[in-house]
2 protein chains.
Amino acid sequence: MAKIFSTDYVCSLDYAFRRIGGKYKGRILWYIHAHKNVLRYGELKRLVQNITPKMLTQTLRELEEDHLVSRTVYHEVPPRVEYALTETGKELIPFIGHLKLWGDKQIKREKKKAGTALAKV
Amino acid sequence: MAKIFSTDYVCSLDYAFRRIGGKYKGRILWYIHAHKNVLRYGELKRLVQNITPKMLTQTLRELEEDHLVSRTVYHEVPPRVEYALTETGKELIPFIGHLKLWGDKQIKREKKKAGTALAKV
DNA sequence: CGGTATCCCCTACGATACTG
DNA sequence: CAGTATCGTAGGGGATACCG
């Protein structure tokens, strides 16, 4: 299966960015964390709006391969699969949380600017 | 010029990741920070090994557009251009630092594993 | 020194359909 | 429910050459 990001890297920052740099990786980790560290495939699909099953599966497989999430299959009918953060994955949560706060702040700043720009007109 | 990442976003995490998600953005911010917050174009080019001038310029322009770095031109001969972090850009440094430490740790873990794997053989 | 201008490729990502 | 399989595409990124 095609990898979202190559596993090659030139330094530790590069390494880290490649592991969380996909389009959905950060959000998936965050959603799992926000849901008490357990989320089913279907719940993730609903949370990450518009993601295709292919991308969701591919992203989850890569996160699993990098030991950021664990995958637990319950052999029931209907089937149930739960994804959870590993200890390594949990270590990224503070980073993602702060980045989220930073994003919130930036968005507010931009809206404020847009508001004053409109006010001038 | 083509943008590395579209400025559209669906949530604050998405917003934040798009702003630092390019292949070199995190490293460029970090290098500027590590060099007392001032770096010249040529110095960056040397630090970010193998980056083409096109990508370096494009990435810097986007960081400037997002108000993460400032660009100062000194009209001298030979010309001198300095890039520095803005206040907004500086706010990202703790997170990037955290991510870097995480990356370091992971790399060490991987090497350790590889080492024990070899030891078994 | 600090960039632009072209050309081109690769692959991350998407749409749709189907399955155990 | 939780995925695969297949095909297609946009644009992020690279190589090279040239410029004020």
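We name chains A, B, ... by the order of the sequence lines, and we start the count at 1 in each one. Note: hydrogens, waters and symmetry copies are ignored here, and every other heavy atom, side chains too, is used.
- In this structure, CZ of B/Arg18 is placed 13 Å from C1' of D/dG11, rounded to the nearest angstrom.
- Rounded to whole Å, atom P of C/dT4 lies 14 Å from atom NZ of B/Lys45.
- The shortest distance between the side-chain N/O atoms of A/Arg46 and the OP1/OP2 oxygens of D/dA2 is not below 4.0 Å.
- Every residue meeting the ring-ring contact (aromatic ring centres under 6.0 Å, His included) condition with A/Trp30, not counting sequence neighbours, appears here in chain and number order: A/His33.
- Near DNA chain D, meaning a heavy atom under 4.0 Å from it, residues 67-78 of chain B has no residue at all.
- Looking at residues two or more places apart in sequence or on another chain, you find no ring-ring contact (aromatic ring centres under 6.0 Å, His included) involving A/Tyr24.
- Using a 4.0 Å cut-off between charged side-chain N and carboxylate O, A/Arg80 and A/Glu82 make a salt bridge.
- Taking only side-chain nitrogens and oxygens, A/Arg40 comes nearer than 4.0 Å to OP1 or OP2 of D/dA2.
- Between A/Asp8 atom CG and C/dC10 atom C1' there is a gap of 15 Å when expressed in whole angstrom units.
- If you measure from atom CD of A/Glu43 to atom P of D/dC1, you get 11 Å, rounded to the nearest angstrom.
- One finds a salt bridge joining A/Glu91 and B/Lys105 here, because a Lys/Arg side-chain nitrogen approaches an Asp/Glu carboxylate oxygen to under 4.0 Å.
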Report, one pair per line, the protein and nucleotides 13-20 of chain C atoms (nitrogen or oxygen only) whose separation is under 3.5 Å.
unit_1, atom_1, unit_2, atom_2, d
C/dC13, OP1, A/Lys23, N, 3.3
C/dC13, N4, A/Lys54, NZ, 3.2
C/dG14, OP1, A/Lys23, NZ, 2.9
C/dG14, OP1, A/Tyr24, OH, 2.8
C/dG14, OP2, A/Tyr24, OH, 2.8
C/dG14, N7, A/Lys54, NZ, 3.3
C/dG14, O6, A/Lys54, NZ, 2.3

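- For A/Lys108, there are no side chain to side chain donor-acceptor pair (under 3.5 Å) partners, not counting sequence neighbours.
- Distance CG (A/Leu56) to P (D/dA5): 16 Å, rounded to an integer number of Å.
- Here the side chain of B/Lys25 pairs no donor or acceptor atom with the backbone of B/Leu63 at under 3.5 angstrom.
- Applying the ring-ring contact (aromatic ring centres under 6.0 Å, His included) test to A/His98 and every residue at least two apart in sequence or in another chain returns B/Phe95.
- When rounded to the nearest whole Å, the span between CG of A/Leu39 and P of D/dC1 equals 15 Å.
- Following rounding to the nearest Å, A/Phe17 (CZ) and D/dG13 (P) show an atom-to-atom distance of 12 Å.
- Electrostatic pairing of B/Glu43 and B/Arg40 does not count as a salt bridge here, judged by no charged N lying under 4.0 Å from a carboxylate O.
- A donor-acceptor pair shorter than 3.5 Å can be found between the side chains of B/Arg109 and B/Gln106.
- Look at CZ on A/Arg61: it is 11 Å from P on D/dA5, rounded to the nearest Å.
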